[in-house]
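Quick notes on the structure that follows.
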Protein chains: 2
Amino acid sequence: MTVSRVINHPEQVTPELKQLVEQAMAILHYRPNSAAKALANNRTNVIKFLILEDVDTTEPYYMTLLFGIARGLDRQQYALQLVTDREHLDLDHADGYIITGARSTDCQWIDQLAKPVVLFGENRHGYDFIDTDNKLGEQQATEYALAKNYQSIIFLGIDVREPFEYSREAGYINTLQRHQKVPQIHRMGNHSHESQHFISENWRKFARNTVFICASDRLALGAVRAIQQNGGRIPNDFGVIGFDGVFLDQVSNPKLTTVKQPVVQLGELLARMLLQKIAQSGAQQGELLVPPKLVLRGTIRT
Amino acid sequence: MTVSRVINHPEQVTPELKQLVEQAMAILHYRPNSAAKALANNRTNVIKFLILEDVDTTEPYYMTLLFGIARGLDRQQYALQLVTDREHLDLDHADGYIITGARSTDCQWIDQLAKPVVLFGENRHGYDFIDTDNKLGEQQATEYALAKNYQSIIFLGIDVREPFEYSREAGYINTLQRHQKVPQIHRMGNHSHESQHFISENWRKFARNTVFICASDRLALGAVRAIQQNGGRIPNDFGVIGFDGVFLDQVSNPKLTTVKQPVVQLGELLARMLLQKIAQSGAQQGELLVPPKLVLRGTIRT
DNA sequence: TTGTAGGCGTTATCAA
DNA sequence: TTGATAACGCCTACAA
């Protein structure tokens with residue numbers, strides 16, 4: 001019992017006794033047994049990471065996030081379980097959850113979870129979350145395109161009603177308005193062939209000196225291909241800026257100028273936020289927007 | 001106690017009682033408490049994944065492996081901890097270990113581990129392991145190059161004394177010998193600029209109709225760049241085959257023909273093997289070589 | 001400030 | 001075949 005107190009409530013123990021106990025712990029290589037601790041505290045020392053979207057295993061975005069979470073966790077004797085199967089979600093035996101890919105329809109069961117939850121990705125339902133600062137990212141991209149004197153600045157967006165998309169568009173719109181320019185947004189499914197097709201179909205309408213600001217690297221890839229097919233010169237006559245900076249940006253030739261998300265760091269932060277929330281018995285943690293970074297590569301003038 | 005028996009030793013319980021208990025469990029939504037189980041069994045329900053190499057966080061190889069391990073684990077109520085810091089390895093509180101990046105000098109402390117260990121990567125120290133079948137992979141690559149009538153087939157290897165490299169070279173050598181051809185191996189550090197430099201320096205010595213079989217996609221990338229710089233035509237006059245198939249193969253232009261490792265699957269298999277070893281109280285599991293797949297893309301004739 | 005008793009949920013062991 | 005008891009290692013609550 002005294003040992004327990006030395007560890008958890010050292011202020012209740014006299015300095016001499018405390019030191020004695022600490023010496024003994026050192027000599028005996030004492031390590032608290034986490035299973036016993038878990039049992040007594042009604043804890044599991046496990047957190048679950050739920051990926052509610054279909055995981056395309058070739059897309060390293062979530063793997064990178066998982067890696068970050070694992071990193072953020074490993075100091076604290078906490079372990080991680082991955083849950084990808086939407087059908088039989090096993091939600092027992094965890095002290096908390098990190099959830100990504102949640103849609104509005106998931107609120108129902110998320111609200112019923114007994115343990116702390118942190119979301120990855122902006123949401124407007126009051127859940128604590130961490131995300132890239134999508135708005136800031138597209139602001140930076142748009143500002144940069146303006147600074148490089150491209151005349152026409154067009155946004156290629158993703159055709160979903162999700163906060164991340166609204167924020168990205170908002171970053172673009174706000175910046176253009178501030179410069180007295182009229183925003184021009186085209187939305188489509190998040191596939192490179194869709195943006196490729198769109199640009200090729202409308203090629204005549206795009207004057208030289210145009211930048212396509214894309215809501216994803218996938219769309220940006222398609223844009224690059226379409227411009228090249230139609231004989232446009234990148235980056236002199238046409239610029240492209242992507243968003244994400246995970247893997248795909250390097251697949252393009254030339255490599256994409258893109259708004260790069262710090263995905264590993266986001267994972268670490270998610271883990272820390274959840275651990276803190278658990279330690280504070282579920283206290284609200286608020287929202288955390290992490291600034292992304294505009295990475296200059298070959299698809300825009302520098 | 002009877003419930004415990006129904007779960008763990010059902011053969012010791014009469015069918016009627018067993019059914020009764022199972023009904024009750026269903027009605028009450030009974031879920032065994034894993035912390036209590038862990039305490040009683042002297043288990044932790046945690047396995048640790050040790051990455052002993054420096055993790056370049058932009059290289060998704062280990063992230064992919066981590067993802068695979070997490071997948072293989074999540075059925076079994078087992079959770080995962082990632083250990084990357086070689087300095088303060090925390091090796092307590094785990095039921096087993098998956099280790100990657102181990103060198104011969106690590107045997108000393110690995111031997112002292114009290115819990116089951118499975119290695120990722122070939123080793124010749126008798127540890128259970130799982131790996132890609134490196135030899136088979138390079139056999140396939142070499143056979144394919146021969147079948148496409150390239151005259152000269154050169155191996156660019158990595159300058160390390162590790163089993164995986166020996167196996168890859170062996171696959172190449174054996175195949176050439178079988179076809180009465182003389183192997184030609186050049187070893188260098190595993191960086192694209194090293195292979196690029198090597199080929200450029202020796203460009204005159206390479207006749208048309210040469211294939212470079214590379215021990216990694218990194219080396220293959222450099223080979224492609226060197227050939228292009230020197231005006232060689234890919235794949236008609238020069239072929240390149242890489243090894244790994246994680247991420248880098250898609251960065252090249254044209255995309256790499258490569259020997260693709262099933263990394264997610266390897267992770268899943270690692271998890272399963274370790275869980276089985278734990279269940280069998282540490283029984284030897286042997287070696288498992290998983291066949292890779294030659295992926296045909298743009299850097300060799302098809 | 002320190003020590004004692006009891007309980008967390010499971011399983012091994014032994015008794016019925 | 002089934003039930004009772006103790007033990008796993010820690011923590012809360014209370015007593016000294």
Side-chain angles (χ1 to χ4, degrees), chain A residues 1-48 75-79 81 90-96 114-116 275 278-282, chain B residues 1-48 75-79 81 90-96 114-116 275 278-282:
Chain A
M1 192 54 236
T2 304
V3 175
S4 172
R5 261 192 287 259
V6 168
I7 293 173
N8 299 306
H9 308 282
E11 74 285 356
Q12 298 179 9
V13 182
T14 50
E16 307 91 56
L17 221 193
K18 188 180 148 198
Q19 223 182 358
L20 266 169
V21 170
E22 279 165 349
Q23 279 175 21
M25 293 199 306
I27 293 170
L28 301 172
H29 297 100
Y30 170 79
R31 301 253 163 262
N33 178 311
S34 51
K37 204 187 301 188
L39 181 59
N41 293 331
N42 195 23
R43 286 269 172 84
T44 63
N45 278 3
V46 169
I47 76 104
K48 299 207 178 194
R75 336 180 152 222
Q76 315 256 1
Q77 291 282 22
Y78 258 84
Q81 266 185 292
D90 175 13
L91 298 176
D92 296 314
H93 299 308
D95 296 341
K115 302 293 173 61
L275 290 181
I278 291 169
Q280 298 174 355
S281 33
Chain B
M1 191 54 234
T2 303
V3 174
S4 171
R5 262 193 287 260
V6 168
I7 293 174
N8 299 306
H9 308 281
E11 74 284 356
Q12 299 178 8
V13 182
T14 52
E16 307 90 58
L17 222 192
K18 189 179 147 199
Q19 224 182 357
L20 266 170
V21 170
E22 279 165 349
Q23 279 176 20
M25 294 198 305
I27 293 169
L28 301 171
H29 296 100
Y30 170 79
R31 300 253 164 261
N33 178 312
S34 52
K37 203 185 300 188
L39 181 60
N41 293 329
N42 193 24
R43 286 269 172 83
T44 63
N45 278 3
V46 169
I47 75 104
K48 299 209 177 192
R75 338 180 151 221
Q76 314 258 0
Q77 292 283 19
Y78 257 83
Q81 265 186 293
D90 176 13
L91 297 177
D92 297 313
H93 299 306
D95 295 341
K115 302 294 173 59
L275 291 182
I278 291 169
Q280 299 174 355
S281 33

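- Distance R43(A) CZ to dG9(C) C1': 17 Å, rounded to the nearest Å.
- Atom CG in N33(A) sits about 17 Å away from atom P in dT10(C), given to the nearest Å.
- Put simply, NE2 on H93(A) and CZ on R43(A) are 16.0 Å apart, with the number rounded to the nearest 0.5 Å.
- With hydrogens and angles disregarded, a donor-acceptor distance shorter than 3.5 Å links the side chain of D95(B) to the backbone of N45(B).
- Put simply, CG on N42(A) is 22 Å from P on dG6(C), counting in whole angstrom units.
- When each of V13(B) and N41(A) is assigned the nucleotide of DNA chain D with its nearest heavy atom, V13(B) is the one assigned upstream, toward the 5' end.
- Across all non-hydrogen atoms, the minimal contact from D90(A) to D92(A) is OD1-N, 3.3 Å.
- Judged by distance alone, with hydrogens and angles left aside, the side-chain atoms of K115(B) form a donor-acceptor pair with the main-chain N or O of A94(B) at under 3.5 Å.
- When rounded to the nearest whole Å, the span between NE2 of H9(B) and C1' of dT1(D) equals 14 Å.
- Side-chain proximity of K37(B) to the nucleotides dT10(C), dG7(C), dG9(C) is greatest for dT10(C).
- In this structure, Q12(A) places its CD atom 12 Å from C1' of dA13(D), rounding to the nearest Å.
- For the pair S4(B) and dT11(C), the criterion of a side-chain N or O lying under 4.0 Å from OP1 or OP2 is met.
- Taking atom CE on M25(B) and atom P on dT10(C), their separation rounds to 11 Å, with Å as the unit.
- A straight line from CG of N45(B) to C1' of dC8(D) spans 14 Å, rounded to a whole angstrom.
- For Y30(A), the side-chain atoms get nearest to dC10(D) when compared with the rest of dT10(C), dC10(D), dC8(D).
- Checking dC8(C), dT2(C), dT10(C) against the side-chain heavy atoms of A40(A) singles out dC8(C) as nearest.
- At dT2(C), one or more side-chain N or O atoms of T14(A) fall inside 4.0 Å of OP1 or OP2 (strictly under the cut-off).
- In terms of the side chain to side chain donor-acceptor pair (under 3.5 Å) criterion, N33(A) has no residue partners (sequence neighbours excluded).
- Nucleotide dA12(C) holds its C1' atom 16 Å from the CD1 atom of I7(B), rounded to whole Å.
- No hydrogens or angles were tested; on distance alone, a donor-acceptor pair under 3.5 Å links the side chain of R5(B) to the base of dG3(D).
- A sub-4.0 Å separation between OP1 or OP2 of dT1(D) and a side-chain N or O of T2(B) is absent.
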